[in-house]
Structure formats: structure tokens, C-alpha cells
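Structure first, commentary second.
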Amino acid sequence: MTILAIETSCDETAVAVVRNGRDILSSDLFSQADMHAMYGGVVPEIASRNHAVALGRLVELALKNAQISKNDLDAIAVTAAPGLIGALLVGVNFAKGLAFALGLPLIPVHHLRGHIAANYIAYPDLNPPFLSLVISGGNSLIADVQGYTDIRIIGRSRDDAAGECFDKTARVLGLGYPGGPILDKLAETGDDMAFNLPSPKIENHPYDMSFSGLKTAIVNIVHNAEQKGETLDTASLSASFARTVSEILVPRVFAAAKELGHHTIVVAGGVAANSRIRADFIKTAKEENKTLLIPPLNLCGDNAAMIGAQAFYEYKGGVIAGTELDARATMEVSENFTHMRNYYEFRTSTRTHRI
Ligand code: KG4
């Protein structure tokens, strides 16, 4: 089954052609990061407009690079939730038009399920069940993946996402956007024990996380240094920050895997590109004799191949949308799109009249 997948949930416009959920025939991406950098973060309006501009050309490019024609496609997939609503709507409406014009099924995909599915591409033998940690710009959660479309949340951030915390830290240090890769590079020359940063626990919820205190601590350190006219050792602050984020994530994930009896741990999302976090996961997996899977760097961040991969399993599970499909800014990764169709149809049919 050959699926053309569209991803526009944030500031990357991406289109891919994926066969049978595992083989990438093409994967093309237009990054807007430099357009948002001058604002220190993603500006939703700018993101939506650029998706509208880039999408048509990217679809043509993805077909060309896959060396197929649109008539060879079996379905169109699109990220329909969660994300910036205007940005999602551009992709959803484009996908609807394409599916309608080609007479193909339309498959809505949850963005975070896509991040998990990046590992199906990277590791062809991977099948559920497994435990997954998703660490992206907008979400941080630990999930029990019982089946391709049977996902339960075990723990989550109560406030900021890990990626958001990296971006805000870089911003307060005046380092630019996106902050993750910049801090990662800077940390290479720093002393990771130089700063003692908070790593809070949530009472009675051992797998939940909190990153907002960490962010506030960094803001206070920066402001204190500014007030005293001191030069901050940003390399050591970056290294200490990455260590602290890793210390929040790693023990929770391995404890959850132990409690749920999972041997395989799958890490996913943009922050999975972080070298300190990757190294700590690899080291702990060896010590605890677990199988650890993390995608290669090109599959950690947003891309459409991961959406095409998950779409294959959504389709097999009966998820098909019609032209009534809506985008959703928020949606739990555990929720399925199947029950939404009746709701959307009801919403439109009760207000549609012949005049
Ligand atoms: O998964 P992603 O591309 O987008 C979302 O779905 O949110 O994640 C983007 C996030 C950004 O916050 C970015 O700063 C972070 O991933 N990131 C990193 C690294 N590369 C990207 N964070 C830490 N270290 C990195 N090397």
C-alpha cells in the first residue's frame, strides 16, 4: 500500500511517500525555522501561510523523488492533531482536496503516534508491545504501546514539554531558535555538574514530570548574573541543563518499563536527538539489559515519513475520514479518530439545508 503523507502541525512543511508503513520512497521537507528565529519562536500565522505556499510544490517533489505518479497512490494521510490549529488546517484541507480529487481514502494521523512510528521505519522488526517515551517541542509523555493503535498514557509533563524547555532556555540565554540543537552543541564543552538545577517529583504520580521549575531556575540564574554584571558560563549551564532533563526522563522510563514488564523501550520526538539524553538512555539500557530503540537524527524531528508509517496501521485498524475531517489543536495520543466521523457528519448534516 503506497501512502502519500502530509505533515504541517508546526513549522515544518513535509510530504513523504511511504510503502506498507515501513519503506520510505521519498521524504521532503521545507523548514521555516529561520523565518521564526527572529521572533524567538514559532509565529502561528507565519507558519500557516508558509505551509499554504510550500505544500503544492512539496507534493509534486515527493512524487517525483519517489518516481511514481499520483495514480500509483493508494491513500492520502495527514496529521490532523495535535498542533497549531491554523497550520494543521492547511495540511488537512490540502489532503482532503487531494483525496477527493484522486478518489482515494483519507487517513488522519495523530502527530505523536507518528513520532513513535518513526521507529517502525528505522527498525523494521519492531512491533508492539513496547514502552515509548515521546519528547517533542509540544509534548512529553510515557506511553504503553500495546498495539499500533492501542496506546495508553502512563506519565506526562504537568506543564512545559521538554523541547519547550530547551527552546525557552536558549531564548533567555539569547542563543536563538530552535534552542535544542544550539544548547546540545554548547554543552559539549561545559561542566555538567557546575549548576545544581531542580528535578521535581510529583507526589503519587511517579511517571509524571515537570519542567517549568527548571525553566524558572535558568531564568533566575541568567537574571542574577545580569544584575551582578557577571559573565555566565553558558556551556556549563547548557551541560547541567541537559543532565537535569536526562535525570528527569531516564529513571522514570526505566521504572515504568520494569513495572509494566516491557523489554523494549522506544524513544521518539525532536528532543530524542539530544546527545546527552541519547547517551544516558543507551548506557542505562545496557545496565538494565533492555532493548533500546531511538530513531536516527533525521527521523527524530518532524517529518512526513513517520505520518505515512503510522497511517498504514491506522488504515488497517479501520481509520478513514471523509471530507468532513476537522483538525484538532489538542488530542490525547490514546484517542482514536474512528469515533469522530459520526460527530463531524452530525455537526454538518444538522445545519445543511437546500435553499
Ligand atoms: O518533534 P519536534 O521536531 O516537533 C514537535 O513535534 O514538537 O521537536 C522539536 C523540538 C524543539 O523544541 C527542539 O528544540 C528540540 O525538539 N530539539 C532538541 C534537539 N534537536 C531538536 N532538543 C534537544 N537537543 C537536540 N539536539
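Order of appearance sets the numbers: ligands from 1, and atoms from 1 within every ligand. Throughout, residue positions are numbered sequentially from 1 according to the sequence presented.
Arg328 and Glu335 are joined by a salt bridge, as a carboxylate oxygen and a charged side-chain nitrogen come within less than 4.0 angstrom of each other. Classification of Arg276 and Asp280 as a salt-bridged pair holds, one side-chain N sitting under 4.0 Å from a carboxylate O.
Distances from ligand 1 to the non-hydrogen atoms of Gly138 include at least one value under 4.0 Å. Ligand 1 lies within reach of His115, whose nearest heavy atom is under 4.0 Å from it.
An N or O contact shorter than 3.5 Å links Gly137 to ligand 1 by distance. At least one N or O atom of Gly180, backbone or side chain, sits closer than 3.5 Å to an N or O atom of ligand 1. Annotation: Ser275 places no N or O atom under 3.5 Å from an N or O atom of ligand 1; distance criterion only.
At the top of the distance list for atom 12 (O) of ligand 1, counting protein heavy atoms only, stands Asp167 OD2, 2.7 Å. Remark: minimum distance from atom 4 (O) of ligand 1 to any protein heavy atom is reached at Asp302 OD1, 3.0 Å. The protein heavy atom nearest to atom 26 (N) of ligand 1 is Asp184 OD2, 2.8 Å. Looking only at protein heavy atoms, the nearest one to atom 15 (C) of ligand 1 is Val271 CG2, 4.0 Å. Looking only at protein heavy atoms, the nearest one to atom 24 (N) of ligand 1 is Asn274 ND2, 3.1 Å.
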Taking distance alone, no hydrogens or angles, what donor-acceptor pairs closer than 3.5 Å link side-chain atoms of residues 174-187 to residues at least two apart or in another chain?
| unit_1 | atom_1 | unit_2 | atom_2 | d |
| --- | --- | --- | --- | --- |
| Tyr177 | OH | Asp11 | OD2 | 3.2 |
| Asp184 | OD1 | Ser275 | N | 3.4 |
| Asp184 | OD1 | Ser275 | OG | 2.5 |
| Asp184 | OD2 | Ser275 | N | 3.1 |
| Lys185 | NZ | Glu188 | OE1 | 3.0 |

Would you mind writing out the side-chain donor-acceptor pairs for residues 291-308 within the sub-3.5 Å range, not counting sequence neighbours?
| unit_1 | atom_1 | unit_2 | atom_2 | d |
| --- | --- | --- | --- | --- |
| Thr291 | OG1 | His263 | NE2 | 3.1 |
| Asp302 | OD1 | His111 | NE2 | 3.0 |
| Asp302 | OD1 | His115 | NE2 | 3.1 |
| Asn303 | OD1 | Ala305 | N | 3.1 |
| Asn303 | OD1 | Met306 | N | 2.9 |
| Asn303 | ND2 | Gly301 | O | 2.9 |

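Aromatic pair Tyr120/Tyr313: ring centres closer than 6.0 Å. For an aromatic pair to be called close, the ring centres must be under 6.0 Å apart, and Phe166 with Phe241 satisfies this.
Near His111, the atoms of ligand 1 lying under 4.0 angstrom from a non-hydrogen atom of the residue are 5 (C), 6 (O). For ligand 1, the atoms closer than 4.0 angstrom to any heavy atom of Gly301 are 3 (O).
Note: the hydrophobic cluster containing Ile153 does not contain Met209 (ILVMFWY, side chain heavy atoms under 4.5 Å, direct or indirect links).
The closest heavy-atom contact to atom 16 (O) of ligand 1, among the options Ala272, Gly163, Ser31, Gly270, comes from Gly270.
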Q: Please report the C-alpha distance between Glu7 and Glu12 in whole Å, then the side-chain angles of each, then the deciding distance to 0.1 Å, and finally whether the side-chain contact (heavy atoms from CB on, under 4.5 Å) criterion is met.
A: CA-CA 8 Å; Glu7 155 64 41; Glu12 322 272 17; 5.6 Å; no

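Put simply, the side chain of Leu4 does not reach to within 4.5 Å of the side chain of Lys70, judged on heavy atoms.
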